[in-house]
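See structure below.
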Amino acid sequence: MGSLCNTYFENENVSLKDYYSENIYTWCTNCGNYGIAAATKRALVAENIVPKDTFMCFDIGCNGNGSDKIGGYRLHGLHGRVIPVATGAALANRKMTVIASGGDGATLSEGIGHLVHAIRSNYNITFLMHNNCNYGLTTGQASASTRPGIPMNSSPDGTTADTMNFMNFVLSLGASFAARTFSGNVDQMTEVIRAGIRHIGFSVVEILQNCPTYNKDTTHEWYQNRVYDTIELNDFDNTNLDSALNISKDMSERIATGILYVNPNSVPFDQRLENRKGYTTELVDEVKSYNNVSQELFSRFV
Amino acid sequence: MNPSEIKRFSIKFGGESGQGINSLGEILAKALKNSGYKIFGYREYPSLIRGGYASYQIDIANDSINSSSQFCDILVCSSRRSVYQYLRDLRPHGLLIHTLTAVSFKPEEQEFIKLNNIRVKYIDALTLAKEQGGNALMSNMILLGALSEIVGLDLAAVEHIVSEQFADKPKLLEIDLKCLKVGHELNIADYPLTYIKHEGWHESKIITGNHAIALGAISAGARAYYSYPMTPASSILTYLAETSHESGMLVKQAEDEITAAQMTLGSMHMGTRAFTGTSGGGFDLMTETISLAGIIETPIVLVLAQRPGPATGLPTWTSAGDLNLAIHAGHGEFPRIVLSASDFESAYSLIQHAFDLAEKFQTAVVLLTEKQIAEGLYNVKDLPQDLEINRYLLTDNGQTEKAGLRRYEFTEDGISPRWLPGSDLPQYNANGDEHDEIGDVNEEALNAKLIAKKRMKKIELIKQTFPEPILYGDNDVDITFVGWGSVKPVVNDIRNLLSQNNSDLKINYLHYDYLFPLKTEKLLEILKTAERPVLIENNYLGQLGHLITAETGFKFNEKLLKYDGRPFFIEDILNFINSSTNG
Ligand SMILES: Cc1ncc(C[n+]2csc(CCOP(=O)(O)OP(=O)(O)O)c2C)c(N)n1
């Protein structure tokens, strides 16, 4: 990775300015979200996806406050619910590129059930998990990914519950695509998001995000000194789930990033539906009278 | 009119859950219907898989009926518990058939049997079935055979249904048919049916209210259903899944009701027609989604199949106790629509209107039903007429002009132009945070006021679009009932019974399908001259009554409320009329 690809800015059908918004960002200075927003736009342009074909869903949190700072169709929903609303949308029109964003607070608390079942169902969307190890928007409470012993808003003596390793959890569920990246590395983020978009199935992208205001523990510099790209490893096979599980464990010394796992045989949810096999249309195209069907079904009653 | 003058015949099967009571009732119901009789089926069962007591009652009348009687003429029991549970539901001169080698009645029960001239007949169904090579379940066939002889039903009609039902098990079918014959030859009593047989009625169907909702939705182009199992909504999910190969509908059992509601909203937002269904407990979990639909102005349709709460309450019983829930669910102020089904036809039509209204007014529509409707077994000939499908989208007429388009435009009537993601029109943000006309976050006081006003304006327009409540019966009557939901067919059946009996007492009934926002013009007009207005509801509070009072100041002096998990039976209403007019 690394070499700047010019399709990040200008592509056949779309350029970066098409995703431009005049609205002024409301994030803190040096927030990881700036890099994430830039990488998301670049990835969409590099994949040549025009804004009208993009549907971005945002959870509630600092990440969600970016919902009106980017082009494309968008939905800014409820805390913890970004995955189900995005999957419902994606199933209705598979031609749209659907990207869901949510924080670690939302994803690992209110939304954790949705995450588990979305992985099982393998809905074809890309999920960007903004892991800044705290509740940013509600001013710095601990989340399930906050490390032990760190005083946080509302837990001055540190958290009393053990820390979750998000990527390891996701892999333990057999996600069909699992990548980890760092908000300080826009190029890697861009490539990883692109791969997530291209992957057919539920693509989980964990973004290790610095939070300059409330997370004084795992800062930008802290990550910078620890992350490495698995692409640099000679013998890492990212189609091997066990290797991925293994390499995802370390979250304190050497932190693996890049595409940690891809299931080459991923079958997305919509292709698992026996009754939809052979349909070339989308649910949004199919709204019309089915009186013939209901009459036929009615006639089968005794 | 005295309850003993009711022109109806009722047969009840009682037993434990797991004894095949349901299929016993179903076979007889279908055989009766195929022979030309108009029927209505009612099931009671506990929230458990084995044991307890369950029943299946079939009411027969000369005209179309859509309600049950509390009492029956023939009671067939295959468990001890059900004998004691249902004995007192027998009408005078009724017949009790049971399969228990030894029953001992308490003195009060013996007294009841004697006083009411109840005949008690024992059939050793198990032994008879075994003699034919059958098992415990096949003793049901002995009972069916006996029963068809008792009521003078052609055995061939029963054999036909049984043969269809067990066609895939030819060996067992042979024994079933033998058992039917043996039962038929028992000749234990005579209760010949004297009701009108209707020409061509064998073509009618026996079908539940949940089937009506499912078929109505299929016909209206619903392409996705997301749900989580909960009685009495579950059979919508089951049926839509079973028919998904024919309909092509995406049917998903979600991991919970929050997910079901959110997926529905996502699919609707993208532009297909999708819906969800649940009961009160699941609906509680959907309320945040309703609130979101309110602010992003995305249509959503939710079926709320009521059963008695609070909490798990009485899972398999009926209630109309969630009107308040439907009206108030979700935080914040936003327009919403609440409709209520009352029978098969209205369930089929209203789910279609729900989609239409949701898309027209870009908001949440809740369709209420009750266990009594959801699982009530209606005898109907045809599906109602479909509602024409309109999507109310800007792009319906091929709009391509982008200039000046604002998804949340502050329009005169409050309805803003809507177009779908994927359209080549300006992309917008459906923002659950308060926003301006294009969907961007906006916390200014003036904008907050203007957009709230814009959304709330829709309420007036919805009211104008809504039909007035329907008045059944003449204007000049002794009692005017006002209600909603499954009370409609019961009161109307009573109206018919009264007029058939040339009763001096006359009633009419004002019925609400369109509950919220509440229309009150016609109601007030009728109340002005009504002799005795009576509120009738299947709940404790009289929730529609409260809504009427809140809207108009009118208070009902008389209320007929029932909140024991049972639907209104015709006797409930007759007794009310009798006690209040005689005394
Ligand atoms: C149902 C509900 N509960 C609580 C909140 C308050 N709330 C807003 S954002 C947030 C947490 C945000 O943390 P995270 O998801 O990690 O996102 P971040 O702000 O860090 O990007 C909470 C609890 C809410 N909006 N809705």
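Numbers restart at 1 for each chain; the letters A, B, ... are given by sequence-line order, proteins then strands.
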### Query
With only heavy atoms counted, which part of A/E282 is less than 4.5 Å from chain B, the side chain, the backbone, both or neither?
neither
### Query
What's the spacing between A/L297 CG and B/T243 OG1 if we round to 0.5 Å?
5.5 Å
### Query
Between the main-chain N or O of B/S219 and the side-chain N or O of A/S294, is there a donor-acceptor pair closer than 3.5 Å?
no
### Query
Side chain, backbone, both or neither: which part of B/I296 has a heavy atom under 4.5 Å from chain A?
side chain
### Summary
So, the part of B/Y226 with a heavy atom under 4.5 Å from chain A: the answer is side chain
### Task
Enter the distance from A/H114:NE2 to B/M263:CE here, rounded to the nearest 0.5 Å.
10.5 Å
### Message
Below 4.5 Å, heavy-atom pairs only: which of B/L383, B/L292, B/I206 has the largest tally toward chain A?
### Response
B/L383
### Query
Hey, does the side chain of A/N275 reach the backbone of B/M249 with a donor-acceptor pair shorter than 3.5 angstrom?
yes
### Message
Looking at chain A, which one of B/D256, B/T264, B/L265, B/T259 has the largest number of heavy-atom pairs inside 4.5 Å, strictly under?
### Response
B/T259
### Message
Looking at every non-hydrogen atom in both residues, tell me the closest pair between A/H76 and B/N429 and how far apart they are.
### Response
N-OD1, 3.9 Å
### Message
Using a 6.0 Å cut-off, check whether atom CZ of A/F166 has over 12 heavy atoms from anything other than its own residue.
### Response
yes
### Summary
Okay, A/I60 and chain B: the region with an atom under 4.5 Å from a heavy atom over there is side chain
#### Entry: B/H269 versus chain A, the contacting section by heavy-atom distance below 4.5 Å
side chain
## Note on the structure
side-chain contact (heavy atoms from CB on, under 4.5 Å) test vs A/D68 passes for just one of B/D436, B/D433, B/V441, namely B/V441
### Query
Quick one: are A/P84 and B/I258 in side-chain contact, heavy atoms under 4.5 Å?
no
### Summary
NE2 (B/H245) and CG (A/L273) are apart, to the nearest 0.5 Å, by 9.5 Å
### Query
Which atom pair, heavy atoms only, marks the closest approach of B/R273 to A/V287?
N-CG2, 3.5 Å
### Message
Tell me which of these, B/S267, B/A254, B/G221, has more heavy-atom pairs under 4.5 Å with chain A than the rest.
### Response
B/S267
### Message
One pair to check against side chain to side chain contact (heavy atoms under 4.5 Å, CB included): B/E255 and A/R120. What are the steps and the verdict?
### Response
CA-CA 11 Å; B/E255 64 264 25; A/R120 286 182 59 221; over 6 Å; no
### Task
Sort A/Q295 into side chain, backbone, both or neither according to what part of it lies under 4.5 angstrom from a heavy atom of chain B.
both
### Under 3.5 Å: donor-acceptor pair, side chain of B/K205, backbone of A/S299
yes
### Pairwise side-chain contact, B/I218 with A/F298, heavy-atom cut-off 4.5 Å (strictly under)
no
### chain B contact via A/T54 - side chain, backbone, both or neither, heavy atoms under 4.5 Å
neither
### Query
So, for A/S289 and B/D386, which heavy atoms are closest and what is the spacing to 0.1 Å?
OG-OD2, 4.2 Å
### Message
Let me confirm one number: the OH-NZ distance from A/Y123 to B/K252, rounded to the nearest 0.5 Å.
### Response
3.5 Å
### Task
Flag the one option from B/T289, B/V251, B/L420 with the top tally of heavy-atom pairs under 4.5 Å to chain A.
B/L420
### Task
Sort B/E164 into side chain, backbone, both or neither according to what part of it lies under 4.5 angstrom from a heavy atom of chain A.
side chain
### Query
For B/T298, is it the side chain, the backbone, both, or neither that has a heavy atom closer than 4.5 Å to a heavy atom of chain A?
neither
### Summary
Residues at least two apart in sequence or cross-chain that pass salt bridge (Lys or Arg N to Asp or Glu O under 4.0 Å) with A/R74, listed by chain then number, are none
## Note on the structure
Residues B/E246 and A/V293: closest non-hydrogen pair is O-CG1, 3.9 Å
## Note on the structure
Turns out that what part of B/I161 lies under 4.5 Å from chain A's heavy atoms comes down to side chain
### Spacing of A/K69 atom NZ and B/D440 atom CG [to the nearest 0.5 Å]
7.5 Å
### Heavy-atom proximity to chain B below 4.5 Å, by part of A/R276
side chain
### Task
Calculate, to the nearest 0.5 Å, the distance between atoms CZ and CG belonging to B/R223 and A/L91 respectively.
13.5 Å
### Query
So do the side chains of A/L78 and B/Q262 get within less than 4.5 Å of each other, counting heavy atoms only?
yes
### Message
So for A/N65, is it side chain, backbone, both, or neither that comes closer than 4.5 Å to the heavy atoms of chain B?
### Response
side chain
### Query
Within 45° of the ring axis of A/Y73 and under 6.0 Å from its six-membered ring centre, is that where the NZ or CZ of B/R407 lies?
no
#### Entry: Proximal component of A/N93, with respect to chain B [non-hydrogen, under 4.5 Å]
both
### Query
Using non-hydrogen atoms only, which part of B/D382 is less than 4.5 Å away from chain A: side chain, backbone, both, or neither?
backbone
### Task
Could you check whether the rings of B/Y239 and A/F301 sit parallel, tilted or perpendicular, using 30° and 60° as the cut-offs?
tilted
#### Entry: Interface moiety of A/F58 toward chain B, non-hydrogen atoms closer than 4.5 Å
neither
#### Entry: Closest non-hydrogen atom pair between B/M270 and A/A92, with its separation
CB-CB, 3.7 Å
## Note on the structure
Nearest heavy-atom approach of B/L250 to A/L283 is CD1-CD1, 3.9 Å
### Query
By a 4.5 Å heavy-atom criterion (distance strictly below it), what part of B/H211 contacts chain A: side chain, backbone, both, or neither?
side chain
### Task
Could you check which of B/G271, B/G422, B/S247 has the highest count of heavy-atom pairs closer than 4.5 Å to chain A?
B/G422
